[in-house]
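A short worksheet on the structure shown next.
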Amino acid sequence: MVDCLRKERIPVLRETDVLVLGAGSAGCAAALAARENGRRSVTLVERYGFPGGVSTQVLDTFYGFFTPGNQPRKVVGGIPDRVVDALDRQGGIFLRPNTYGAGTGVNYNPELLKLTWDRLLAGAGVHLLLHATLVDAETAPDGRLEGVVIWTKRGFFRIRAQRFIDTTGDADLCHFAGIPYEKAGDLEPAQTLTTTFRMSNVDLEAFEAAGGKKILMARMEEALEKGTHPLPRKAGSAHKMNARGCVSTVAVRVADLDPLDFEELTLAEQEGRRQSFVYEAFFRDCVPGYEEASIIGLSHQIGIRETRRVYGDYRLTKEDCLSAARFPDKVLLCGAPIEDHRKARDGTDETVWGYIGDGDAYDVPYRTLVPEGRDEVWVAGRCFSAAHDAHASCRSMGQTMSMGQAVGLAAALSLEEDSGAGAITVARLQDQLRALGAVLEVPNRVARTAAAAWKDNLHTNLKDEPQTLPSQ
Ligand SMILES: Cc1cc2nc3c(=O)[nH]c(=O)nc-3n(C[C@H](O)[C@H](O)[C@H](O)COP(=O)(O)OP(=O)(O)OC[C@H]3O[C@@H](n4cnc5c(N)ncnc54)[C@H](O)[C@@H]3O)c2cc1C
């Protein structure tokens, strides 16, 4: 794309030690970790006007901190805890109970999370560039990455770096650099796309009194059977938000459109909006407590669950997840179930679940974060190296932030040791992760309540939310 513009004429904007592309949950955590000892310059590039990625564009609940089931363990710590703590200090969160889904969730105000990421990044001295889109990679004749090209309203710029972290979700950097990946949908059906929406003026007491989640599910089935509202599926959730009388939903479902193709993504955005207002009418007409409710906001863009997954030095598998596999080079844990939202062969909608043993979690190896054979580049977040089902488990934000902190520390360590990504001393990385508060061993102790699990090591006013509302 940029070749025709004579890349060598594009001015160099910055030279930096570590360049992080994409300021989602993985990218923000990576940038903070790379700055942890303060010795390395870190630049973080983001195409939109705020950090957070899906955490602030689409959602309001971190999952993955706790294993689900009757014996919950807290398996995430370090920078993700700092983020929760910073949110908690501003009174912006509550804990959502473990319903059928992914374990206790941490509900936050996404607008406050944008501000929180801003403050954490600025406080750590990360050089943040917003409204800057990665459009190309610069490689040496031997294929080694040397820099990138970004597009801004001031034109194209180059940024040169020693180490690169791809946290674009879509593995854009790897794509431009010719690093191999699997594209969702190539081997197995890709997960569906979801526009989330928020409604105000909901009478939650009336909703609960009428049966809560049960009545919602029953009314969805009824609407489909009678054909009163053309809902795309008979499942979906609505959960209360931090603001009084406001509810957030994960219900829309768009399939068979490729989010990496801008023309198909255009259709997906339009379809997601259309479905949102079908749901609005359904809620108002059919669900007690929603009679006066209306949509006050759609997600910043349609939510994309998976696109490119890079081939790394190791590829996490479904068997690794379900058998709670152990790896000597572990850098994070995951106890979240496989949660695969897909269109079934008969065209209907289905969510495939696969649970790890109660209270258990699997290790995620460092090698899943290093593109095969590469020295100067890491991946983290939803483009990490995993097969489709394993990715469907290890995609919650507790884990994407944990991947980010691992690669941020790894990039700084590789500069310190003057070694390639695959040759760093992993035991040192693990020590640094533990020092940061990361959890690398499944705790013996059952977290009595989610809030109690935080009380020991954090400032916290966190309260377990007693109400049982539908989960995601
Ligand atoms: C509908 C939906 C519901 C979900 N529900 C939950 C939930 O309730 N709880 C939970 O924990 N997880 C949930 N997940 C999963 C989780 O949100 C994601 O897996 C996770 O947020 C991915 O984080 P990431 O940092 O890898 O990617 P992203 O959050 O996608 O971040 C990538 C960032 O890179 C930027 N970027 C992309 N391309 C470029 C470029 N070329 N140049 C510059 N910047 C670029 C993007 O703007 C973005 O900020 C859900 C996902 C979806 C889609």
Side-chain angles (χ1 to χ4, degrees), residues 1 19-31 44-66 76 80 96 101-108 110 113-114 117 128-137 148-152 159 165-176 191-197 236-237 239 248-254 259-260 272 299-309 334 336 339 341 369 379-384 386 391-404 407 471-472:
M1 169 188 177
L19 179 59
V20 184
L21 285 317
S25 49
C28 290
L44 175 58
V45 169
E46 167 58 41
R47 66 178 158 167
Y48 290 145
F50 54 89
V54 174
S55 74
T56 50
Q57 292 161 14
V58 181
L59 299 175
D60 67 358
T61 306
F62 293 136
Y63 281 115
F65 278 78
F66 293 91
V76 165
R96 277 172 67 188
T104 296
V106 184
N107 181 283
Y108 52 84
L113 180 56
K114 292 176 187 170
W117 284 125
L128 176 64
L129 295 171
L130 298 176
H131 294 296
T133 303
L134 169 76
V135 290
D136 208 353
V148 303
V149 179
I150 58 167
W151 175 81
T152 75
I159 303 178
I165 298 177
D166 186 345
T167 46
T168 56
D170 295 328
D172 281 1
L173 176 65
C174 293
H175 171 70
F176 293 129
Q191 291 217 47
T192 47
L193 312 172
T194 300
T195 304
T196 59
F197 60 90
S237 78
H239 60 265
S248 173
T249 74
V250 183
V252 163
R253 187 144 299 189
V254 178
L260 292 173
S299 48
H300 185 81
Q301 68 152 74
I302 195 164
I304 298 170
R305 291 185 171 84
E306 59 167 348
T307 50
R308 301 184 183 112
R309 293 189 308 278
C334 180
E339 184 184 346
H341 299 262
L369 308 178
V379 287
R382 68 178 172 83
C383 52
F384 86 119
H391 173 269
S393 158
C394 202
R395 66 191 178 89
S396 292
M397 293 183 283
Q399 278 64 43
T400 54
M401 286 189 277
S402 299
M403 290 182 207
V407 297
S471 97
Q472 70 177 132

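Here the structure is a predicted model, which means the values were calculated and not measured. Along the sequence shown, residues carry numbers from 1. First listed ligand is number 1; within each ligand, the first listed atom is number 1.
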Distance under 4.0 Å to a non-hydrogen atom of [X]: what atoms of ligand 1 satisfy this?
| X | answer |
| --- | --- |
| Y48 | 47 (O) |
| G381 | 26 (O) |
| G53 | 29 (O), 31 (O), 48 (C), 49 (O) |
| A26 | 25 (O) |
| A132 | 43 (C) |

Who are the side chain to side chain donor-acceptor pair (under 3.5 Å) partners of T307, not counting sequence neighbours? D170, R382

Which segment of [X] sits under 4.0 Å of ligand 1 when only heavy atoms are counted:
| X | value |
| --- | --- |
| C383 | neither |
| I304 | backbone |
| L134 | both |

Ring centres under 6.0 angstrom apart (H131, Y48): no

Judged on heavy-atom distance to atom 8 (O) of ligand 1, which of Y63, F65, F62 sits nearest? Y63

Judged by heavy atoms only, the candidate from V45, T192, T167, L44 nearest atom 32 (C) of ligand 1 is T167

Between atom CG of L19 and atom CG of L21, what is the distance when rounded to the nearest 0.5 Å? 4.5 Å

E46 N/O under 3.5 Å from ligand 1 N/O: yes

Determine whether a donor-acceptor pair (N or O, by modelled atom type, separation under 3.5 Å) exists between the side chain of Q57 and the backbone of H300. no

Do D166 side-chain atoms and C174 backbone N/O form a donor-acceptor pair below 3.5 Å? yes

